[in-house]
Amino acid sequence: MDGDQLQLSRDSFGKLVLTTADGQQHAGVAPVRAFPIQAPDEGISLMTGDGKEVAWIPSLAALSAATRALLEEELQGREFMPEILAIRAVSSYATPSTWQVSTDRGDTSFVLRGEEDIRRISADTLLISDSHGIHFLLRDLHGLDRQSRKILDRFL
């Protein structure tokens, strides 16, 4: 769907409203990324509250600046996946262990229950789940500093 075939706005309750080229309105739509890690700006589905897809957006770049800004704002509110930039310390090399990390959203700590909570997404990308179900993205395994790689190697 091209950017000029849909219009997005917010209603008085702050919910997204999609108006399609044929004039149909869908209140309370939610954007969902098809490939949130590998291609976050491509393949966005607009879903109704009951899980029905009402629009498919191949690329955010094809949208007008205003529509793209609304979608990105909504996606940021729905998605929380801090990106790990460095692993500062771990409490133990046996699990469960507490990890102290620096992320793109600041320094934090979390509990890793087991090695199975570290999933390889690609050769350089890992997804780490903490004991509360929060996912941390490690986008560039080989770009980590030496100390971080040394710690991580003990868990992989």
Participant: If hydrophobic clusters are built by linking Ile, Leu, Val, Met, Phe, Trp and Tyr wherever their side-chain heavy atoms come under 4.5 Å apart, do Leu141 and Leu112 end up in the same one?
Facilitator: yes
Participant: At what distance, to the nearest 0.5 angstrom, does CZ of Arg119 lie from CG of Leu126?
Facilitator: 11.0 Å
Participant: Can we say Arg10 and Glu73 salt-bridge, meaning some charged N sits less than 4.0 Å from an Asp/Glu carboxylate O?
Facilitator: yes
Participant: Who are the side chain to side chain donor-acceptor pair (under 3.5 Å) partners of Ser102, not counting sequence neighbours?
Facilitator: Arg88, Asp107
Participant: Taking the side chain as C-beta and beyond, is there a heavy-atom pair between Ile121 and Gln38 under 4.5 Å?
Facilitator: yes
Participant: Between the side chain of Thr95 and the main-chain N/O of Ser97, is any donor-acceptor distance below 3.5 Å?
Facilitator: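 Answer holds: no.
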Participant: Check whether any side-chain heavy atom of Leu6 sits under 4.5 Å from a side-chain heavy atom of Ile57, and report yes or no.
Facilitator: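 SC-SC contact between Leu6 and Ile57 confirmed.
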Participant: Between Val32 and Ile44, is there a side-chain heavy-atom distance shorter than 4.5 Å?
Facilitator: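 Counting from C-beta outward, Ile44 and Val32 never come under 4.5 Å.
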Participant: Is the closest side-chain heavy-atom distance between Val111 and Asp130 below 4.5 Å?
Facilitator: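 No; the side chains remain at least 4.5 Å from each other.
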Participant: Are any of the side-chain heavy atoms of Ser148 and Ile151 separated by less than 4.5 Å?
Facilitator: no
Participant: List the residues meeting side chain to side chain donor-acceptor pair (under 3.5 Å) with Glu53, not counting sequence neighbours, and say none if there are none.
Facilitator: Ser45
Participant: If you define the side chain from C-beta out and look only at heavy atoms, does anything of Leu152 sit under 4.5 Å from Leu144?
Facilitator: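 Yes - at least one pair of side-chain heavy atoms lies under 4.5 Å apart.
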Participant: I'd like to know if Ile118 and Val101 are part of one continuous hydrophobic network [Ile/Leu/Val/Met/Phe/Trp/Tyr, side-chain heavy atoms within less than 4.5 Å].
Facilitator: yes
Participant: Please collect all salt bridge (Lys or Arg N to Asp or Glu O under 4.0 Å) contacts where either partner lies in residues 134-156, sequence neighbours excluded, each pair once.
Facilitator: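 Listed once each, the pairs are Glu83-Arg139.
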Participant: Mind checking side chain to side chain donor-acceptor pair (under 3.5 Å) for Asp117 and listing every partner two or more places apart, or none if nothing turns up?
Facilitator: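 Applying side chain to side chain donor-acceptor pair (under 3.5 Å) to Asp117 gives Arg113.
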Participant: Can you tell me if CZ on Phe13 sees more than 12 non-hydrogen neighbours from other groups inside 6.0 Å?
Facilitator: no
Participant: Applying the side-chain contact (heavy atoms from CB on, under 4.5 Å) criterion to Arg68, which one of Asp41, Leu60, Leu8 satisfies it?
Facilitator: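 Only one of Asp41, Leu60, Leu8 forms a side-chain contact (heavy atoms from CB on, under 4.5 Å) with Arg68, namely Leu60.
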Participant: Please tell me whether Leu70 and Val29 are part of a single hydrophobic cluster in this structure, the criterion being side-chain heavy atoms less than 4.5 Å apart.
Facilitator: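 Same cluster.
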Participant: Of all the heavy-atom pairs spanning Thr98 and Ser109, show the shortest one and how long it is.
Facilitator: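 It is CG2-CB, 4.2 Å.
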Participant: Could you tell me whether the side chain of Thr48 and the main chain of Lys52 form a donor-acceptor pair under 3.5 Å?
Facilitator: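 Pair found, side chain donor or acceptor close to backbone of Lys52.
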Participant: For His135 and Ser129, test the side chains for any donor-to-acceptor distance below 3.5 angstrom and give the result as yes or no.
Facilitator: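 There is such a pair (donor and acceptor under 3.5 Å, judged by atom type) between the side chains of His135 and Ser129.
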Participant: Say you draw a straight line from CD1 of Ile87 to CD of Gln100; how long is it, rounded to the nearest 0.5 Å?
Facilitator: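 Interatomic distance, Ile87 CD1 to Gln100 CD, rounded to 0.5 Å: 12.0 Å.
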Participant: Output the distance between atom NE2 (His142) and atom OG1 (Thr125), rounded to the nearest 0.5 Å.
Facilitator: 9.0 Å
Participant: side-chain contact (heavy atoms from CB on, under 4.5 Å) for Leu156 and Arg120? Distances and angles first, verdict last.
Facilitator: CA-CA 9 Å; Leu156 296 177; Arg120 189 172 295 276; 4.0 Å; yes
Participant: How long is the span from the CE atom in Met81 to the CG atom in Asp104, to the nearest 0.5 Å?
Facilitator: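 Answer for the CE-CG pair, Met81 versus Asp104, is 11.0 Å.
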Participant: With the side chain counted from C-beta on, respond yes when Pro31 and Leu16 share a heavy-atom pair under 4.5 Å apart, and no when they do not.
Facilitator: yes
Participant: Give the cluster check for Met47 versus Leu63: same hydrophobic cluster or not, with ILVMFWY residues linked at side-chain heavy-atom distances below 4.5 Å.
Facilitator: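 Different hydrophobic clusters.
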Participant: Once side chain to side chain donor-acceptor pair (under 3.5 Å) is applied, do any residues pair with Asp11, and if so which ones, sequence neighbours excluded?
Facilitator: none
Participant: Under the rule for ring pair (Phe, Tyr, Trp, His ring centres under 6.0 Å), what residues qualify as partners of Phe136, not counting sequence neighbours?
Facilitator: Phe110
Participant: Side chains of Asp124 and Ser122: is there a donor and an acceptor less than 3.5 Å apart?
Facilitator: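 Not at all, the side chains of Asp124 and Ser122 share no donor-acceptor pair under 3.5 Å.
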Participant: Would a single hydrophobic cluster contain both Phe155 and Ile134, if residues Ile, Leu, Val, Met, Phe, Trp and Tyr are joined by side-chain heavy-atom contacts under 4.5 Å?
Facilitator: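 Ile134 clusters together with Phe155.
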Participant: Hey, does Trp99 have a side-chain heavy atom less than 4.5 Å from the side chain of Thr108?
Facilitator: no
